[in-house]
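Since the structure is predicted, the reported quantities are computational estimates derived from the model, not experimental observations.
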Amino acid sequence: MQNQGVQQKSGRVLLADSHQNMLAGIRGLLEKAFDIVIMVADEKSLLDSLDKVQPDLVVVDLSMPITEEINIARRIRKHNPETKIIILSVHDEQTAVEDCLSAGAAGFVLKRTATNDLIPAVWEVLKGRNYVSPSVEAEG
């Protein structure tokens, strides 16, 4: 039996961001929801970890430098088609959101609202639904 709004901590999440300060802050949020939080800061580590860890979810910075695709979600999808993805971004343009969702991401969270939006995004994405930070929709 599960209380409303309370989720049990379980699973593995892969967090990818090239900004160390952002990694530490987001990790703190994700540790409330996951047993294991793996952090990486570059594309090679991200792709290697996808294979080794088989995460339940990937939370990745939209601006992560990548070599083969314009959109990081598309790159992850090409490597691991079944992976659930939440994009973190400083960009709040509707076109950025649409590009990420069409590339295979299920969530889009603004970095400036991650404290409030990331955990609700995690629960929605793990349930098979999409999530976009409400402030993006309000501005779009």
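- In this structure, Val122 and Leu29 have side chains that are not in contact, with every pair of non-hydrogen atoms separated by 4.5 Å or more.
- In terms of heavy atoms, Val109 sits closest to Ala121 at CG2-CB, 3.6 Å.
- A heavy-atom distance below 4.5 Å is found between the side chains of Cys100 and Leu62.
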Counting only pairs under 3.5 Å, give me each side-chain donor-acceptor contact of residues 80-91, with atom names and distances, residues two or more places apart or in other chains.
from: Thr83; atom 1: OG1; to: Asn80; atom 2: O; distance (Å): 3.2
from: Ser89; atom 1: OG; to: His91; atom 2: N; distance (Å): 2.8
from: Ser89; atom 1: OG; to: His91; atom 2: O; distance (Å): 3.4

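- With sequence neighbours excluded, the residues satisfying side-chain hydrogen bond (donor to acceptor under 3.5 Å, both in side chains) with Ser45 are Asp42.
- The two residues Arg75 and Glu43 come nearest to each other via the heavy atoms NE-OE2, 2.8 Å.
- Annotation: side chain of Arg74 is not in contact with side chain of Asp99 (no heavy-atom distance under 4.5 Å).
- How far CG of Leu57 is from CG of Leu15: 9.5 Å, rounded to the nearest 0.5 Å.
- Applying the salt bridge (charged side-chain N to carboxylate O under 4.0 Å, His left out) test to Asp56 and every residue at least two apart in sequence or in another chain returns nothing.
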Hey, can you pull the donor-acceptor pairs under 3.5 Å for the side chains in residues 19-28, sequence neighbours left out?
from: His19; atom 1: ND1; to: Asp17; atom 2: OD1; distance (Å): 2.9
from: Arg27; atom 1: NE; to: Glu31; atom 2: OE2; distance (Å): 2.8

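- Considering only residues two or more places apart in sequence or on other chains, Arg129 meets the salt bridge (charged side-chain N to carboxylate O under 4.0 Å, His left out) condition with Glu124.
- With a 4.5 Å cut-off on side-chain heavy atoms, Leu14 and Leu46 count as touching.
- When every heavy atom of Ser135 is checked against every heavy atom of Arg112, the shortest pair comes out as OG-NH2, 4.3 Å.
- Remark: of the listed residues Asp92, Leu110, Val97, Leu110 is the sole one forming a side chain to side chain contact (heavy atoms under 4.5 Å, CB included) with Ser133.
- Taking every heavy atom of both residues into account, Arg77 and Ala103 meet most closely at CG-O, 3.5 Å.
- Applying the side-chain hydrogen bond (donor to acceptor under 3.5 Å, both in side chains) rule to Asp48 yields the partners Lys44; only residues at least two apart in sequence or on another chain are considered.
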